[in-house]
Each structure stands twice: as C-alpha cells, then as structure tokens.
> 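This is the structure I have questions about; it appears just below.
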Amino acid sequence: MESLYLKNFKAYRDEFEKLNVNKKNFLLYGENGSGKSSLYEAIKITFFREKIAENIPMATTPEEQSMTTDSFWNSYKNNKATEPFEVTINDISYRDFDATSYQLFMIAMDKLCIKGTLQLDKLLTKIDVNIDDIGAFCSAHFSEIESTVNLKLAEFHEENITIVIDNEDDYKIKIHDTVRNLEFKENVTHYFNEAKLNLIVLLLLLESIKKSQQSDKTKILVLDDFITSLDVSNRTFLMRYILEDFSEFQILILTHNVYFYNLIMYLVNDIYKTKAKWQFANLYEIGNEHKIYINPSKKKRLELDTLATKLESLTEATIETSGNEFRQKFEILLYEFSKILMVGGVEDTKNILNNIMTKNKIYLFKDGNQLKGSLELLEELEKIINSGTTNIQDVKTAIDKYSHDNLTMIKTILRDLKLYQKVHLHHLSHGHIDEINFSIKEANATLNLLKKLETNIKDLTGNSVN
C-alpha cells in the first residue's frame, strides 16, 4: 500500500491530508476517539468491499434496493458532511480498487468478543482475511497450526499451557494448564484469564495467516489495538515474533498504548535496525479535527529553524500562515509531552495545559534505550506487593527511581506560551490581523519559548521530537 486518502469518511471531513505510506510498514499512535478506527474501516471497505456489500439488506423492488444500497454506504459518511465520502488507496477509489493481487489480513481484538468457547473456524470468520474456504482451510491445516501454536507458547515462556484443536468437534480449542491441572474446551473464559486467552487467540490467528499466505500476492497485515490485556513480557515476545515471522508482509499497526508504541520503536530502531522500512506517526484530535503527524524526512519536517527564517521576511500577507505553523508546532510539542506523561488523550489543548500545569512530579525512568513511565512503575509496585514479602522501603525505592521534579522549567515555559497562545498563536492562526498589535518581537519570543520547550522535552526523554 502506497497511500491512503479520506474525505467525509466517518470521523474525518476535509481536514485529513493524504497519508503517504510509501509501501513501508506503518506504526500509528492515537488515543481512543482520535480516528484510528476510521482509518481501519477505510482500508477494510477498499479491500473487502464485496464481502461488506453482502450485508446490504434485500429490498422488494429495484428502486427500493437502490435506496437501501445508498443508505448502507452513506452510513460510512461523516455525520456533518453534505457531500459523499471519498476513500482512495494508491490514488484509486475504493469502488474501483482491484484487490485481486493482494492478500490482506486485518485483526482487531474488539471484534472477536471471546466468550465461552474458542473455535478456529469461527475465529477466522470474525476477522477479515483472504481465505476463500475457511472450513477447507481448517481441515487441511489444523494439525500444523496446533503444533506451531504450542511451540510459540513454549517460546513465550508459557510452557504450562498447551492447546488441542478438536477437528471432530467443530475445531473447538481445548486448553490444558499443567500447573493448575485444568483442561477445558467449553466455557474456557471461566477457567483461564483474559491475558492467556488473548495470547492463544492471537497465535491461532497469526499462524493461520502464515499458513494461508500466497507467494505471488502482495501481503498486508493490519493490527488494531491487538495487545488487549496481554502481559508486558508477552507483548515483547509477540512483537518480536511478528517482526521476524512476517517480514514479507507490509505491517500496519494502530495502537492507543503509548508504551507499546515506544516498545515497537525501540525494537525497530535498536534491536532489528530496520528503521528505514518503517514510518511512525501520531494521531490527535485538535479542535474537533483529526490531525495526523508523521515523523517526516528532514525536508518536510516543521522545524523551528525554518520558522525563524520565515520571520525574517514576515509581512501582513504571510501572518496567517505564520500563526498556523507556530500553533501547529506548539500543539505537536504539547501532545507529544502529554503522551509521555499519559495526560490529555483526546482532550483539547486547554485541558492538556491545565493537566500538565497542575502536576508536581513526573514518573519516568530511562532504562538503556527504553523509556519507562507510570505504567511500568505500577507493574513494579504490583510485583512487590504480590511477592509476599512486601517491604515499604522497596516501594519507596521503586517510586524514587521513577520520580522526577523536572516540571518547574517546563511549567514556566508553558505559562508564558499560554500567554502568547492568547495573543500571537491564536489570533494569527485565524488571521484576525486588526485585533492585535503584532510585532516581530512577539513572534521571536514565541519562537524562543517553543525552542526551549522542545529542548526540555528532548532532555527529559532523550528522544527527538518531530
């Protein structure tokens, strides 16, 4: 896949610019509600349009059928849009896109709804896969899938868990826990925790995808928030498995988990050193508009030095553009910082600012090249509590390791930027030239504050901020 463009589609109206993936793997971070699911659905209706069209209700007359069909597809339209939606992949409309040369596999854990019993064929029907006859596929490959899933469970240090796919009982999955002496294939949710079940389900699906791949097709794997309830250690094992075993696929990962996002970046950049094959992006909702910020090439990056150069030749005709760029840079930095602190999410800029300004401490720990935060701290505290020999000093040591009083300087910068947001960033971004007494001095002051904010965030995390 080279590019994706949306207009008037679900969460997106005119504000979404064409996303150039350039045949690379793609990792997207976005809080719930920021528009990730809309991107997922746009890919789905392009590659599985005929399958989706099977859900259009049948009408009694051609006229009614036409209205029913239009109503069905209009359900994908943004509810404030007056024009039809557009979805194009590789600059081809979803209506005309020829998917015959592709094999697309899409996994979204929230679509699976695991209940009492796991069945291989039913699991495969709940996700979007290019497998023509799922029954015949299960019959031909269930034994190999069972064997490789058990091997992977052992590699993931889940040696006590094994599965059996019962081909004589609708491919139901029997799960055996040798440590707890449990063996069930009915009502498995009553006996095994969600983390174990989700890991088993993901391995079943991914091994099925591996068995069904065709060498003459372009293969794409789309994963949407697929680490639900997985143990942290299993997330690492799972991503290494995906990066190693699906290297022939174009991988698109959508996640709202900031630590999982950082884990993947760490694996890609530092362990496998395949950064050139990946594109990273962040998705935010700003002012009721969904914005995607891609970590771009140096040519396209919105750098503060570029803005400084523009200030030298600023005129009334370029004031509005200048304000928009300052505001955009401020929002990028603010959202990146809120992502680190786990505040904000889909909140607007004002609420994120207020949240950061009221915090007295941040909880970060640089472990080698990996940045750990409040979630990892909670996990450490949980291990201490569950150890059976809880010592208050161990708790204090863990908290002290993560605790930093680094917000004083950042708060000062944000306080001043908040003032300039009211006068320079806000008004210029809306082109209200007559409402303020604009000066180059104010613009330079804003620029210097943005540089300080960027520097402080870099110093705090040890990472670059695009």
Side-chain angles (χ1 to χ4, degrees), residues 105-127 129 134 137-138 141-211 221 223-242 245 253 255-257 259-260 263 375-376 378-388:
F105 305 92
M106 305 184 75
I107 300 177
M109 290 301 289
D110 63 346
K111 306 278 195 305
L112 292 172
C113 299
I114 299 170
K115 293 186 179 178
T117 305
L118 300 180
Q119 292 178 236
L120 181 60
D121 55 347
K122 288 189 176 181
L123 287 174
L124 290 172
T125 59
K126 286 183 178 181
I127 65 171
V129 293
I134 289 176
F137 171 82
C138 291
H141 298 287
F142 78 91
S143 181
E144 296 170 277
I145 293 169
E146 172 190 305
S147 176
T148 50
V149 167
N150 284 326
L151 285 173
K152 290 300 175 185
L153 285 169
E155 288 178 15
F156 283 28
H157 301 290
E158 299 285 355
E159 301 92 342
N160 59 305
I161 302 291
T162 58
I163 67 157
V164 174
I165 301 175
D166 192 344
N167 66 310
E168 295 183 355
D169 191 10
D170 299 325
Y171 303 105
K172 288 180 181 177
I173 314 297
K174 182 189 293 184
I175 304 174
H176 186 199
D177 185 333
T178 56
V179 171
R180 298 167 63 206
N181 196 27
L182 297 174
E183 188 174 52
F184 293 95
K185 66 177 176 180
E186 305 287 347
N187 299 317
V188 293
T189 50
H190 293 172
Y191 305 102
F192 303 96
N193 67 41
E194 187 180 5
K196 293 285 189 296
L197 291 176
N198 282 338
L199 177 60
I200 290 169
V201 167
L202 280 170
L203 290 175
L204 285 166
L205 294 175
L206 290 169
E207 284 300 324
S208 296
I209 289 169
K210 282 172 58 179
K211 294 297 178 188
L221 178 63
L223 303 168
D224 181 20
D225 276 334
F226 66 107
I227 58 159
T228 306
S229 300
L230 285 187
D231 296 333
V232 172
S233 59
N234 280 338
R235 295 175 189 178
T236 305
F237 285 122
L238 188 67
M239 266 319 301
R240 296 192 73 144
Y241 160 58
I242 290 170
D245 286 34
I253 299 176
T255 182
H256 75 278
N257 188 300
Y259 297 109
F260 188 56
L263 168 65
L375 182 62
E376 282 83 2
L378 287 173
E379 288 168 351
E380 283 197 29
L381 295 177
E382 187 177 15
K383 286 180 181 178
I384 293 170
I385 293 169
N386 292 336
S387 67

> What I'd like to find out is whether the side chain of Val164 reaches to under 4.5 Å of the side chain of Ile173, using heavy atoms alone.
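No, side chains not in contact.
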> Taking 4.0 angstrom as the limit, do Asp245 and Lys210 come out as a salt bridge?
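Salt bridge between Asp245 and Lys210, a charged N being under 4.0 Å from a carboxylate O: yes.
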> Less than 4.5 Å apart, any side-chain heavy atom of Met106 and any of Ile127?
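Answer no - side chains too far apart.
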> Which value, rounded to the nearest 0.5 Å, describes the distance between Lys174 atom NZ and Asp166 atom CG?
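Between Lys174 NZ and Asp166 CG, I get 6.5 Å after rounding to 0.5 Å.
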> So which heavy atom on Lys185 is nearest to which on Asp169, and how close?
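Taking Lys185 first and Asp169 second, the nearest heavy atoms are NZ-OD2, 2.9 Å.
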> Report the residues that fulfil side-chain hydrogen bond (donor to acceptor under 3.5 Å, both in side chains) with Thr125, sequence neighbours left out, ordered by chain and then residue number.
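Testing Thr125 for side-chain hydrogen bond (donor to acceptor under 3.5 Å, both in side chains), a comparison that skips the adjacent residues, returns none.
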> Does Thr148 have any side-chain hydrogen bond (donor to acceptor under 3.5 Å, both in side chains) partners at least two apart in sequence or in another chain, and if so, which?
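Testing Thr148 for side-chain hydrogen bond (donor to acceptor under 3.5 Å, both in side chains), a comparison that skips the adjacent residues, returns Glu207.
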> Within the side chain of Arg235, is there an N or O that forms a donor-acceptor pair under 3.5 Å with the backbone of Phe260?
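Not confirmed, Arg235 side chain does not pair with Phe260 backbone.
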> Of all the heavy-atom pairs spanning Ile175 and Phe192, show the shortest one and how long it is.
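Heavy atoms only, the tightest pair is O-CZ, 3.5 Å.
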> Give the C-alpha distance, both sets of side-chain angles, the deciding distance and a yes or no for side chain to side chain contact (heavy atoms under 4.5 Å, CB included) between Leu199 and Leu153.
CA-CA 9 Å; Leu199 177 60; Leu153 285 169; 4.0 Å; yes
> So, taking the atom named CG in Leu263 and the one named CE in Met239, what distance separates them when rounded to the nearest 0.5 Å?
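Rounded to the nearest 0.5 Å, the CG-CE separation comes to 7.5 Å.
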> If you count heavy atoms of other groups shown closer than 6.0 angstrom to CG of Asn193, is the number above 12?
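It does: Asn193 CG has more than 12 such atoms within range.
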> Which heavy atom of Ile165 sits nearest to which heavy atom of Phe142, and what is that distance?
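Closest heavy-atom pair between Ile165 and Phe142: CD1-O, 3.5 Å.
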> If every non-hydrogen atom of His176 is compared with every non-hydrogen atom of Thr178, which pair is closest and at what distance?
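For His176 and Thr178, the tightest heavy-atom pair comes out as CE1-CG2, 3.7 Å.
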> Would the number of heavy atoms belonging to other residues, nucleotides or ligands and lying under 6.0 Å from NZ of Lys126 be above 12?
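Above 12, so yes.
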> Side chains of Asn234 and Glu158 only: does a donor on one sit below 3.5 Å from an acceptor on the other?
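Yes, Glu158 and Asn234 have a side-chain donor paired with an acceptor closer than 3.5 Å.
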> Evaluate Thr117 against Val188 for side chain to side chain contact (heavy atoms under 4.5 Å, CB included), listing each step before the verdict.
CA-CA 6 Å; Thr117 305; Val188 293; 5.8 Å; no
> Who are the side-chain contact (heavy atoms from CB on, under 4.5 Å) partners of His141, not counting sequence neighbours?
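His141 satisfies side-chain contact (heavy atoms from CB on, under 4.5 Å) with Phe137, Glu144, Ile145, Lys211 only.
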> So do Leu123 and Tyr171 actually touch side chain to side chain, heavy atoms under 4.5 Å?
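Tyr171 vs Leu123: side chains apart.
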> Look up atom CG in Leu203 and atom CD1 in Ile163, then write down how far apart they are to the nearest 0.5 Å.
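Those atoms lie 8.5 Å apart.
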> Name the orientation class of the two ring planes belonging to Phe237 and Phe156 (parallel below 30°, tilted from 30 to 60°, perpendicular beyond 60°).
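It falls in the parallel class, under 30°.
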> Side chain of Asn257, backbone of Ile227: donor and acceptor closer than 3.5 Å?
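It does not hold such a pair.
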> Between Asp121 and Lys172, is there a salt bridge with N-O shorter than 4.0 Å?
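The answer is no: the pair does not qualify as a salt bridge.
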> Please round to the nearest 0.5 Å and tell me the distance separating atom CZ of Phe226 and atom CG of Leu206.
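Nearest 0.5 Å value for the CZ-CG distance: 8.0 Å.
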> Taking Tyr191's backbone N and O only, do any of them form a donor-acceptor pair with Arg180's side chain (distance below 3.5 Å, no angle check)?
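Between the backbone of Tyr191 and the side chain of Arg180 there is a qualifying donor-acceptor contact (under 3.5 Å).
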> Is there a donor-acceptor pair closer than 3.5 Å between any side-chain N or O of Ser208 and the backbone N or O of Leu204?
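Flag set: sc Ser208 to bb Leu204 pair under 3.5 Å.
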> Side chain to side chain contact (heavy atoms under 4.5 Å, CB included) for Ile107 and Ile209? Distances and angles first, verdict last.
CA-CA 11 Å; Ile107 300 177; Ile209 289 169; 3.9 Å; yes
> Please check if the side chain of Asn150 supplies one atom and the backbone of Glu146 the other of a donor-acceptor pair under 3.5 Å.
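Yes: the side chain of Asn150 pairs with the backbone of Glu146.
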> Please examine the side chains of Arg240 and Ile242, heavy atoms only from C-beta on, and report whether any two atoms are closer than 4.5 Å.
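No. Closest side-chain heavy atoms not under 4.5 Å.
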> Between atom CG of Leu202 and atom NZ of Lys152, what is the distance when rounded to the nearest 0.5 Å?
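Rounded to the nearest 0.5 Å, the CG-NZ separation comes out at 13.5 Å.
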